[in-house]
Every structure is written in structure tokens, then in C-alpha cells.
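Note that these values count all heavy atoms, side chains included, but never hydrogens, waters or copies made by symmetry. Protein chains get the first letters and strands the later ones, always in sequence-line order, with residue 1 at the start of each.
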Number of protein chains: 2
Amino acid sequence: MPEPEPGDSGGALPGVRLTRQRTAVAEVLDRVDGFRSAQELHDLLRRSGEAVGLTTVYRHLQALVDAGQVDVLRVVDGEAIYRRCPTQDHHHHLVCRLCGRSVEIDGPEVEAWATRMAGEHGFVEISHSVEVFGTCSDCASSRS
Amino acid sequence: MPEPEPGDSGGALPGVRLTRQRTAVAEVLDRVDGFRSAQELHDLLRRSGEAVGLTTVYRHLQALVDAGQVDVLRVVDGEAIYRRCPTQDHHHHLVCRLCGRSVEIDGPEVEAWATRMAGEHGFVEISHSVEVFGTCSDCASSRS
DNA sequence: TAGCCTATTGAAAACGGTTGTCAAAACTGT
DNA sequence: ACAGTTTTGACAACCGTTTTCAATAGGCTA
């Protein structure tokens, strides 16, 4: 975890080096739309000729998640799937179970509901996970 | 997986045997309130003198989940936590991150919102995961 | 009650995703 | 080019969960 120098905010962090692998992971995330597992991204990189070690893929994904630049979700079996989202603001997802395609969705009423529920029951330090899974129109129509 | 006899529906399934272990898992779930991992439940059983193999704990939990009698959630690191809920109807949870205590919460507006979002984007076969995590009042106050 | 048939059990091994290890390779400022 | 870090990646470890399979034990029938 690179420690940010005080007074230096944003831009290229000191002590962070620009490597082929870091760039490759960032680019593959931009190229695909939809949530992908680390191993899928690793495969995509290999296939596109920009091979990157699986360990390194995990490392960069983790770093991007920590930096808030990538969203991570857990599918039912516990696997983590990642996506670079257009918006950095708090939002939720409508995710296709089959192809991973996803759209950001916004739910002011859900935020309000979660906050109200927490308050009513004396819970503090609230976080919520609100994700909607389904089958997107493309996948639904391309089914026998 | 026991194959149900045609013509016999409900009640004690044919081919399902009442064992000490099956009873013990059911009882520990009733005894604890709050979500617990399989390994925690396994520990609780051992400590209460009703030792049950870890494999068997997993098996019965799985069966109860399949039967809709137990709810299962995934915590951030991917671990599964289980709870027998008072209500069988569709509901969500407000879960304490520290002690696992949980209250069922209801969110008609969330259901409506999820359905509306899915419709607007052409997604079908919708399911959603909506869980709220926080720190319950007991855990918050018993903190140094 | 004895015996049979099948469901169940659980120790151990397999599994799959993820993380730690550590020596080698690669950046970047000088 | 050099030095001094950071980064890389093959490999092993980890951890929760599932599978395997021989041993055990319900529960029915005679």
C-alpha cells in the first residue's frame, strides 16, 4: 500500500511506478463493460497478448478497489467480480447473471429506507449492499 | 439427494432419517439469534457437547437453505453466514457486523424500485440482494 | 428381536478462489 | 549506467466449502 506524501494529493503518487502490467490491467477494465472475475480478466489479458501474472491482476484490482476506482461484487458462490464504473458516486447495479453486463442504477428511496431502518433499530456505521441480478435482454433473446 | 416418492408430498419425507446430528443442527440454529458461519455453528455444537462433523453441518445447512428454512448471506470476504428466520416470507436483514445479531426488515419501496429498474432496462428473471450491515447498539456501547 | 437395505456420517482429500512469499526483474531519479 | 526502491510472478499456503467413500446407524419387515 503506497503511502501518500502529505501535500501531494491526486496525480501520479510518489513511489508508484508505471509498469506495463499496471497499464494493462487498467486498460482491460476499460475495454470490457460489465463485471468480470479476476480470472476472466487474467484470461482476457493473456488472449490479448498482454500477459500479466494472476497474482499481479489480483494486486492491481485490490489497489483499484481500495482507491475507489473499481467496484467489486460477490456472486452467489462467493467469487468476486470487478468493474470500473463510469460514475464514482455511490450507486448500485443491475447485473446480468449470464454476460456480466451491468448498468448503474440510482435509488434515493433505497438510501433513505436503509438509513431509516438502521435508525429505528439503533444500528450505527451503516453500509448496505444492494444489487439486482437478472438476465439482460440480449441474453434472454439469444436463448434457444 | 433423496428422491421423493411420487404421491407422498409434505410431512416427514420418505427416506429421510431422524438422526442426532440433524436434530442438533436444527436446534443450534434455533438457539442462536443472528447470522453465524458454518464453522461457528460447528464450534457451538462441539462446545454444547453435541459434536457434529463439520461436513455434516455444511450438509444440513445446505439442505435447510434449499428447503427455504434458512437464510444465507455472504459477508464481504465471501464467507457464508446462516440464520433460521422467524418469517418465511421475503424480507431483508439489518445485520450487526460484530455479533451477527440481525433483525428482519421489510422494504416494499425497495421491491418496487428493483422491479421498476429491471423493467426500464429490459432485464428479466430478477433477483436482488439487499442487506444492510452496521453495528448494533449493544456492540457500539460495549466498545472502549 | 434380528436382519436387511438404505440414508447418513465424518475423516481425509480435493477443490477453487484468493493471498502470502521471496528472489528476480524493472522503474525512475541521479 | 547506477543505485535504491517498487513491482512482478511462479509457487506454495490459506481458507471456506465440497466430494469421496468406507463405516455407522435409522427404520422397516419378518
Next on the checklist: Using only atom types and a distance under 3.5 Å, with no angle test, would you say the side chain of A:W113 pairs donor to acceptor with the backbone of B:D106?
Outcome noted: yes

Checklist entry - Of the options A:D33, A:D71, A:D30, which is the one that meets A:R84 in a salt bridge (Lys or Arg N to Asp or Glu O under 4.0 Å)? => result A:D30

Checklist entry - Out of curiosity, A:H60 NE2 to A:T55 OG1, how far, rounded to the nearest 0.5 Å? => result 11.0 Å

Item to check | Main-chain N/O of B:E40 paired to B:R36 side chain as donor or acceptor, under 3.5 Å | outcome: no

Next on the checklist: Rounding to an integer number of Å, can you tell me how far B:R20 CZ sits from D:dT24 P?
Outcome noted: 15 Å

Checklist entry - Does atom CZ of B:R46 have more than 12 heavy-atom neighbours, drawn from other residues, nucleotides or ligands, at distances under 6.0 Å? => result no

Next on the checklist: Let me spell it out: for each of A:R22 and B:A80, pick the nucleotide of DNA chain D with the closest heavy atom. Which residue's pick is nearer the 5' end?
Outcome noted: A:R22

Checklist entry - Partners of B:F35 by ring pair (Phe, Tyr, Trp, His ring centres under 6.0 Å), sequence neighbours excluded? => result B:H93

Checklist entry - Roughly, in whole Å, what's the span from CD1 in B:I81 to P in D:dT17? => result 11 Å

Next on the checklist: In this structure, is the centre-to-centre distance between the rings of A:H128 and A:H90 below 6.0 Å?
Outcome noted: yes

Checklist entry - C:dG17 C1' sits how many Å from A:R74 CZ, rounded? => result 9 Å

Next on the checklist: How many whole angstroms separate atom CG of B:D66 from atom P of D:dT17?
Outcome noted: 15 Å

Checklist entry - Can we say A:E104 and A:R83 salt-bridge, meaning some charged N sits less than 4.0 Å from an Asp/Glu carboxylate O? => result yes

Please produce a list of atom pairs where a protein N or O lies less than 3.5 Å from an N or O of nucleotides 27-30 of chain D.
residue, atom, partner, partner atom, Å
D:dG27, OP1, B:L18, N, 2.8

Next on the checklist: I need the CG-C1' distance between B:L45 and C:dT9, as an integer number of Å.
Outcome noted: 14 Å

Checklist entry - CG of B:L64 versus P of C:dT8: gap in Å, rounded? => result 13 Å

Checklist entry - What's the CD-C1' distance between B:Q62 and D:dG16, to the nearest Å? => result 13 Å

Checklist entry - Looking only at side-chain N and O atoms, does A:Q39 come under 4.0 Å of OP1 or OP2 in C:dG16? => result no

Item to check | Spacing of A:H42 atom NE2 relative to C:dT18 atom P, expressed in whole Å | outcome: 13 Å

Item to check | Those residues of residues 46-61 of chain A lying under 4.0 Å from DNA chain D by at least one heavy atom | outcome: A:V52, A:G53, A:T55, A:T56, A:R59, A:H60

Next on the checklist: Between A:Q21 and D:dT7, is there a contact of a side-chain N or O with OP1 or OP2 at under 4.0 Å?
Outcome noted: no

Checklist entry - Looking at B:R31, B:R22, B:R20, which hits salt bridge (Lys or Arg N to Asp or Glu O under 4.0 Å) with B:E50? => result B:R20

